[in-house]
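Shown next, in structure tokens, is the structure this report addresses.
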Amino acid sequence: MYRRLLLLGPPGGGKGTHAERLARELGVPHVAVGDMLRREVAADTELGRRAQGFMDAGQLVPDDLVVGMAAARLSEPDAADGWILDGFPRNLGQAQALAERAQDRGLDLVLVLEVPDEEVFDRISGRRSCPRGHVYHVERNPPRIPGICDEDGEPLYQREDSAAEVIRRRLEIYKRETSPVLEFYERQGLLRRVSGLGTPEEVHARVAAAVHDL
Ligand code: AMP
């Protein structure tokens, strides 16, 4: 069974949803760098203040802020037997940093959720999030009471980076910066591409099949 996994894909591709579920099933931590950054912003830390402008503009946060944060999380005791990294690495520099760090243990599998651009726009513009990380879509997965999280009653918000021009920039950055990362893993024979289209159940079935190497 694979235990050191990366989940990559375009913004709005379903990385968060599927990484979280898979992590629960495998009993390993879900290490979501975007969520960690949003927590730093919410807590108004030094790192959060430095990261926020980049995030709101849909740009990558500089490597010196992100790499140390991800490495520190992977060094925690609960990550000793595996982890699922979500949204990291997003450029070749980060992939190199991870390769150096993971040398002794190696990566098992890199899964890419493939979703066309139009679908990304639909998903992100309808997305509503609660401060504790539950995610809805106004049409496809609405909460029972509009604007309120089913799980914890918190008011839902729309992320700053969900405006159309910001989505466009995030897609551009994905193609320019993250595509070379996919090639990097493809050359190592670690990459599996999975269609991210369909219901969450359908996508999960594909993800689980890839992970169990069926
Ligand atoms: P996500 O929640 O994965 O969509 O990430 C939201 C935002 O956080 C991105 O648009 C970036 O600004 C920032 N971010 C997340 N992961 C990384 C990363 N590996 N490198 C640089 N910036 C990141």
Side-chain angles (χ1 to χ4, degrees), residues 5-23 29-43 45 47-74 83-102 107 110-115 117 119-137 156-182 184-185 196:
L5 306 175
L6 298 188
L7 212 62
L8 300 176
K15 299 185 295 288
T17 304
H18 293 288
E20 189 186 321
R21 179 162 175 187
L22 202 57
H30 168 209
V31 179
V33 170
D35 288 348
M36 291 166 75
L37 288 168
R38 278 186 289 278
R39 280 196 292 273
E40 297 283 335
V41 172
T45 63
L47 196 156
R49 282 194 292 274
R50 290 176 62 194
Q52 184 169 22
F54 295 101
M55 295 172 72
D56 288 350
Q59 289 166 344
L60 293 186
V61 172
D63 291 355
D64 62 321
L65 299 182
V66 174
V67 168
M69 191 182 74
R73 178 65 188 89
L74 297 183
W83 31 259
I84 298 184
L85 256 176
D86 158 5
F88 182 96
R90 270 170 139 114
N91 63 25
L92 274 180
Q94 295 177 8
Q96 228 88 51
L98 180 66
E100 281 160 27
R101 195 199 161 276
L107 273 174
V110 179
L111 271 178
V112 186
L113 288 174
E114 296 193 307
V115 174
D117 290 1
E119 174 74 8
V120 164
F121 275 93
D122 263 22
R123 288 188 187 182
I124 298 183
S125 46
R127 181 152 76 183
R128 300 291 181 275
S129 311
C130 99
R132 302 190 195 182
H134 302 108
V135 182
Y136 299 85
H137 187 283
L156 302 178
Y157 70 98
Q158 192 166 8
R159 279 170 47 177
E160 286 290 337
D161 58 3
S162 57
E165 78 272 11
V166 180
I167 302 176
R168 245 187 310 277
R169 181 166 320 128
R170 291 166 68 197
L171 279 168
E172 262 166 43
I173 291 177
Y174 180 71
K175 281 167 198 150
R176 194 175 66 231
E177 304 272 332
T178 311
S179 298
V181 174
L182 308 191
F184 174 80
Y185 291 124

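It should be emphasised that the depicted structure is a prediction, and the values quoted were computed from it without experimental measurement. First listed ligand is number 1; within each ligand, the first listed atom is number 1.
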- Query: Got a sec, which residues hit salt bridge (charged side-chain N to carboxylate O under 4.0 Å, His left out) with Arg50, two or more places apart in sequence or on another chain?
  - Reply: Asp64
- Query: Distance from Met69 atom CE to Leu74 atom CG, nearest 0.5 Å?
  - Reply: 10.5 Å
- Message: Holding to side chain to side chain donor-acceptor pair (under 3.5 Å), I want the full list of residues that pass it with Arg38, two or more places apart in sequence or in another chain.
- Response: Asp35
- Query: Which of these, Lys15, His18, His30, sits in a side chain to side chain donor-acceptor pair (under 3.5 Å) with Asp86?
  - Reply: His30
- Item | Partner residues of Asp161 under the side chain to side chain contact (heavy atoms under 4.5 Å, CB included) criterion, sequence neighbours left out | Arg159, Val166, Arg170
- Note on the structure: For ligand 1, protein residues within the heavy-atom limit of under 4.0 Å are Val33, Gly34, Leu37, Arg38, Met55, Gln59, Leu60, Val61, Val66, Gly87, Phe88, Arg90, Gln94, Arg159, Arg170
- Query: Atom CG of Leu5 and atom CG of Leu85: how far apart are they, to the nearest 0.5 Å?
  - Reply: 9.5 Å
